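Beneath this line is the structure, given in structure tokens, with notes to follow.
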Amino acid sequence: MDIELLKELCAVQSVSGYETRIGKLIISKISACFDECRSDRLGNIIAYKKGVSKAPKKILFLSHMDECGFLTTHIEDNGRIRFSALGDTDISCAMYRRVCFENGAKGLMLPESADPKNPTFNNFYVDIGAKNKEEAEKAVTLGETFVIENEFTRLGEEKICARALDGRAPCAALISAAKEIGECKNDIYFVFSVQKNVGNRGMKPAAFGIAPDIAISFDCSLSSHKDNTASAISVGGGVGIKIKDKSVICHEILTDFIRNIAKNANLSFQNDLTSFGTSELAAIQASHSGAMVAGITIPCQNPNSCAQIMSFKDIENAQTLAEALLKADFSALL
């Protein structure tokens with residue numbers, strides 16, 4: 001895993017619905033690895049490599065490339081900027097933090113009162129230092145997106161902290177694995193999807209168009225459950241192999257198949273099962289005549305916040321597992 005690649009991906013500001021910039025970067029990184037690489041009508045990046053089998057099956061690897069953020073909705077007479085959230089951003093980390101608009105303008109996320117009760121983003125505004133509405137409109141326009149800033153930071157030897165890691169780390173694992181792709185028996189598809197954080201919207205039409213036989217998602221997973229149950233996965237404890245979440249139950253045989261590949265590669269892994277959270281796999285599982293689905297997750301502390309923490313080793317393990325799956329023979333499953 002190239003840490004500079006991960007830093008480059010995390011530095012790109014592309015919130016849900018506005019993924020053009022990150023999409024162009026990903027295409028530049030992977031286009032030489034595939035027979036075809038394109039953007040669909042929604043902005044999903046779809047890469048394809050033809051299999052050499054006479055009757056190839058369709059194997060899909062996917063990760064979302066969007067991030068949670070905000071959209072400017074109103075500028076008040078006093079220059080304060082109001083907004084709506086794009087995705088389920090953690091409000092607890094937003095207060096008094098610096099924000100950056102897509103056009104480069106800077107500001108601060110501030111509460112209307114020093115001690116807001118039951119805070120929602122309706123109680124917050126952005127101060128860009130403007131004296132009035134006219135001055136603010138010269139710096140920021142309605143519809144302008146922005147994110148809460150946080151520098152890419154190494155925490156000790158193994159951990160990293162950054163904004164947007166929950167999507168960009170899985171993307172980095174797949175991009176790095178794609179560079180090792182060789183001759184494939186089956187047709188291989190990579191999808192880097194849009195609008196995952198606002199309802200898994202991008203993957204639905206992509207899955208419909210591809211109609212995969214097998215789909216394996218790469219995503220993050222909360223590193224500890226809110227109720228501290230024993231099934232929690234931990235940052236640094238190994239890559240997660242998804243069993244279920246609120247929206248999907250992964251295919252039992254495919255999941256066992258992936259576990260065996262991880263064991264043979266001597267990779268540390270954890271069983272990932274939750275009763276909350278949703279996955280793009282649900283849309284794929286029910287697409288066309290159905291698909292076998294499984295999930296690989298990277299444990300993440302503080303997902304959907306500006307201070308997400310992951311283990312670099314867990315990300316490397318996700319990449320290694322992706323490389324092994326690209327070489328795997330799925331014929332016994334299909």
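All figures in this text were calculated on a predicted structure; none of them were measured in a lab.
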**Request:** Determine, step by step, whether Arg82 and Glu112 satisfy the salt bridge (Lys or Arg N to Asp or Glu O under 4.0 Å) criterion, reporting the C-alpha distance in whole Å, the side-chain angles of both residues, the deciding distance to 0.1 Å, and the verdict.
**Result:** CA-CA 11 Å; Arg82 300 291 178 169; Glu112 291 181 326; 2.6 Å; yes
**Request:** List the steps and the verdict of salt bridge (Lys or Arg N to Asp or Glu O under 4.0 Å) for Glu280 and Lys196.
**Result:** CA-CA 7 Å; Glu280 293 175 299; Lys196 189 265 186 183; over 6 Å; no
**Request:** Carefully, step by step, assess Lys106 and Glu149 under the rule salt bridge (Lys or Arg N to Asp or Glu O under 4.0 Å).
**Result:** CA-CA 9 Å; Lys106 306 286 186 177; Glu149 282 195 320; 2.4 Å; yes
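Using cut-offs of 30° and 60° for the angle between ring planes, the Phe146 and Phe83 rings count as perpendicular. Relative orientation of the Phe257 and Phe330 rings is tilted, given thresholds of 30° and 60° on the angle between their planes.
Proximity of Lys244 to Cys250: side-chain heavy atoms (C-beta onward) are nowhere separated by under 4.5 Å. Counting only heavy atoms from C-beta outward, the side chains of Thr72 and Thr145 never approach each other to under 4.5 Å.
With no hydrogens or angles considered, no side-chain donor-acceptor pair links Glu323 and Thr320 at under 3.5 Å. Between the side chains of Ser16 and Glu67, not a single donor N or O lies within less than 3.5 Å of an accepting N or O. For the 3.5 Å distance criterion, the side chains of Thr274 and Asp245 fail to qualify, holding no donor opposite an acceptor. When only modelled atom types and interatomic distance are considered, Asn304 and Asp88 share no side-chain donor-acceptor pair under 3.5 Å. For the residue pair Asp272 and Thr297, a side-chain donor N or O sits within less than 3.5 Å of a side-chain acceptor on the partner. In this model, no donor atom of one side chain and acceptor atom of the other lie less than 3.5 Å apart for Arg98 and Asn150. Between the side chains of Asp329 and Ser331, a donor-acceptor pair is found at a separation under 3.5 Å.
Using a distance-only test at 3.5 Å, with no hydrogens or angles considered, no donor-acceptor pair links the side chain of Glu135 to the main chain of Ala130. The main-chain N or O of Gly43 is never found under 3.5 Å from a side-chain atom of Glu19 such that the two would form a donor-acceptor pair. With hydrogens and angles disregarded, no donor-acceptor distance shorter than 3.5 Å links the side chain of Asn186 to the backbone of Ser53. Under a 3.5 Å cut-off, the side chain of Arg154 and the backbone N or O of Glu157 do form a donor-acceptor pair. Ser63 places a side-chain N or O within 3.5 Å of a backbone atom of Phe218 that can act as its donor or acceptor partner.
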Review item, side-chain donor-acceptor pairs of residues 21-29, under 3.5 Å, at least two apart:
unit_1: Ser28; atom_1: OG; unit_2: Leu25; atom_2: O; d: 2.5
unit_1: Lys29; atom_1: NZ; unit_2: Glu8; atom_2: OE1; d: 2.9

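For the ring pair (Phe, Tyr, Trp, His ring centres under 6.0 Å) condition, the pairs that include at least one residue of residues 167-210, sequence neighbours left out, are Phe34-Phe190, Tyr48-Tyr189, Phe61-Phe190, Phe208-His288.
In terms of hydrophobic clustering, with Ile, Leu, Val, Met, Phe, Trp and Tyr side chains grouped at heavy-atom distances under 4.5 Å, Ile91 and Val99 are assigned to a common cluster.
Within 6.0 Å of atom CD in Glu137, more than 12 heavy atoms from other residues, nucleotides or ligands are found, so the atom counts as buried in its surroundings.
Residue Leu71 shares its hydrophobic cluster (ILVMFWY side chains chained together at separations under 4.5 Å) with Val15, Tyr18, Leu86, Val147.
A salt bridge between Arg38 and Glu36 is present, with a side-chain N of the basic residue lying under 4.0 Å from a carboxylate O of the acidic one.
Rounded to the nearest 0.5 Å, atoms CZ (Arg41) and OG (Ser39) are 11.5 Å apart.
Of all heavy-atom pairs spanning Leu281 and Val293, the tightest one is CD2-CB, 3.8 Å. The shortest non-hydrogen separation linking Pro303 to Gln308 is CA-CG, 4.1 Å.
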